[in-house]
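Submitted below is the structure of interest, expressed as structure tokens.
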Amino acid sequence: MDWVSDSDGGDEVDWESDGEGEEGQAPPIRDVPSSSEAGSSKKDSEGGASKSRSNSNLTAHFVAMGFSEKMVAKAIKGNGEGDSEAILELLLTYGAIDKSPSQEEGSPAGCSSPSDDDNWDEDDNSDLDDFEDKDFVEELAEKDKKLLTLVEMGFTTKEAASAIERCGQDAPVSELADSIYAAQTAETDSIYAASWSAQDEPFCRFTSFSRDNKRRKFMEDSNNKRRRYIDQKNRNKNVSHNDDDMIALPNPMIGFGLPTNSMMHVVNRRLPEAAIGPPYFYYENVALAPKGVWATISRFLYDIEPEFVDSKYFCAAARKRGYIHNLPIENRFPLLPMPPKTIHEAFPLTKKWWPSWDHRTQFNCLQTCIASAKLTERIRRALIESGDLPSPRVQQYVLNECRKWNLVWVGLNKVAPLEPDEIEYLLGFPRNHTRGISRTERYRSLGNSFQVDTVAYHLSVLKDMFPNGLTVLSLFSGIGGAEVALHRLGVHMKTVVSVEISEINRNVLRSWWEQTNQTGKLIEFVDVQQVNSDRLEQLISTFGGFDLVIGGSPCNNLAGSNRHSRDGLEGEQSALFYHYFRILDLVKCIMGKN
DNA sequence: CAGACTATGAAGAGCATC
DNA sequence: GATGCTCTTCATAGTCTG
């Protein structure tokens, strides 16, 4: 039995042959549905011809969450169908207003129930006088009726729509249902993971995580939305003003304490009941995400307060990141030796050429791209033309560019971007960790990775807790920042199930795994959408559960550097966060069941 | 065609000042 | 608290090149 993916075969997961019919199948490289696909919750603006369809799909989407059709119709009417998030907010508001116990209990499937509608009618039906469910359903196209039927059967809108896409509109519902069951990849729900509860139901209905509970959680979330993170504010008086839906970033951004002052920085944190493991989990993303993103992430991840840390306290480069985890925070210890925290200590050779007017001691965030040669040439010319002491204007120009692009002084009037191996060093990876792939890819992969020392400090508490090693589910593994951190801590990894979309990154991780003579098993998956309940149950039954679920989901749509598609958590890549939650929640369900 | 190269701001935190 | 300024930001799209 070969648990490890075949490097030649590339993307396939050489999972034990189990007759699932996936062998030899092309890997499902991230398959993001188009905005016109039914059930898509992305903001889109379709033409008039498809308006009815998208309207009904949107309706079905929210009905699948457990709201009544009339409520949904009213919410859509009030908001238009373009902004599904606003519609959800309105629905949650309706839900908060309507506190009928019967509705709280809901129907078994979590779908709309007569009581829902009755209560709703009593509350407010002024805008719905001309609206009846019967009429509404009759207006649906045949395809939409099937879609609704499938949704009522417990599938997500997206699954249903995809099945119709695959099998055709004429396919009977039974065939469509079979098709969904057969599909091994989960579809992305880009806004709220509640719709996943339907697909998870085969497991979760045996637990407390029923769809109805999900819906109740949404209601509770809505009511709790105004809650602020008072503790964090109290700890750090100098925090910025925060809105209702915002989590304040601490200043200084030192999380629950640093290696150097952990004794001085005593933090009492009490984890919510639902957050307590097993498994332990650790989630990471950019701290400076658009407003409200971290509040949403925190709500999904069991209302755990994020730990915001700037890696400039661990190395010579800033890296402001938020971490949500359920790890203990006492008795942490850092990796040794502690890396240098200034540019000159990290790269002494640059000191010779460093002008006195460049007062930088640390780098800004190491990103995925570097400055162009034209820019460094423009800087060189500007400096040459201005003689020994550049004018304040030139200095300002040069400093701005140096800060923006993390340039270092490598000669007289000569600046240059950091080399990939220098970035590896700053991020705590072994030298040549990414060597062998293209230079551009090295920058990209490194720019997207953990700062190892920072993460290792947080994970260090696992060492004493798991003296015999642990089993890790590593989501969005990238070049293996989590694995490197554990390895450098001396934590044995009995098994790592790694999920990473990029073949280049998988190769980097696999190569490192082999080179470091790991005695554990590395099992690779390509796409988080492959990781469904069947797979997880197999893995958990084989390895006895996961001790740690770790990963940082894509930040593309959250990062400030993104000029084009900083769409927040709904963005094409960043919405994969919901897969992190989905998978983590599934693991908790399955392990809780066992 | 892969890889290298280049141009492309807005959002929002932090700070000083009033 | 309001205002204005400075500074920072795990990037994307298009083009060029060998």
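Heavy-atom basis, side chains included; hydrogens, waters and symmetry copies ignored.
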For A:R442, answer base if it contacts any base atom (sugar-phosphate contacts may also be present), sugar-phosphate if it contacts only those atoms, and nothing otherwise; contact means non-hydrogen atoms under 4.0 Å. nothing
query = Does A:S438 place a side-chain N or O at less than 4.0 Å from the phosphate oxygens OP1/OP2 of B:dA2?
reply = no
Between A:E284 and A:R321, is there a side-chain N and carboxylate O pair less than 4.0 Å apart? yes
Once base and sugar-phosphate atoms are separated, protein heavy atoms under 4.0 Å mark nucleotides 5-12 of chain C, 5' to 3', with B, S and - as --SSBBBB
Ring-face cation of A:K588 near A:Y302 (centre distance under 6.0 Å, axis angle within 45°) = yes
- Query: Under 3.5 Å, is there a donor-acceptor pair between the side chain of A:E307 and the main chain of A:F256?
  - Reply: yes
Rounding to an integer number of angstrom, what distance separates B:dG9 and C:dC7 when you compare their C1' atoms? 14 Å
- prompt: If you measure from the P atom in B:dA7 to the same atom in C:dC10, how many Å do you get, rounded?
  reply: 22 Å
- Task: Please step through ring-ring contact (aromatic ring centres under 6.0 Å, His included) for the pair A:F577 and A:Y283, ending with a clear verdict.
- Result: CA-CA 9 Å; A:F577 157 74; A:Y283 174 80; 5.3 Å; yes
From NZ of A:K291 across to C1' of B:dA10 the rounded distance in Å is 13 Å
*asked:* Could you check whether A:R319 and A:S311, counting side-chain N and O atoms only, form a donor-acceptor pair closer than 3.5 Å?
replied: no
For residues 364-378 of chain A, the salt bridge (charged side-chain N to carboxylate O under 4.0 Å, His left out) pairs (sequence neighbours left out) are A:E377-A:R380, A:E377-A:R381
| said: Quick test of your reading of the model: are A:E419 and A:R442 salt-bridged, counting only N-O distances below 4.0 Å? | reply: no
* Asked: Any salt bridge between A:E305 and A:R269, counting N to O under 4.0 Å?
  -> no
Of A:R439 and A:A289, the one whose nearest nucleotide on DNA chain B sits closer to the 5' end is A:R439
Those stems involving DNA chain B that have three or more consecutive Watson-Crick or G-U pairs, both distances under 3.5 Å, are B:1-8 with C:11-18, B:10-18 with C:1-9
Ranking A:L375 and A:M253 by the position along DNA chain B of their nearest nucleotide, the one closer to 5' is A:L375
To the nearest angstrom, the CD-P distance between A:E441 and B:dC1 comes to 17 Å
Rounded to the nearest 0.5 angstrom, the CG-CZ distance for A:L427 and A:F314 is 13.5 Å
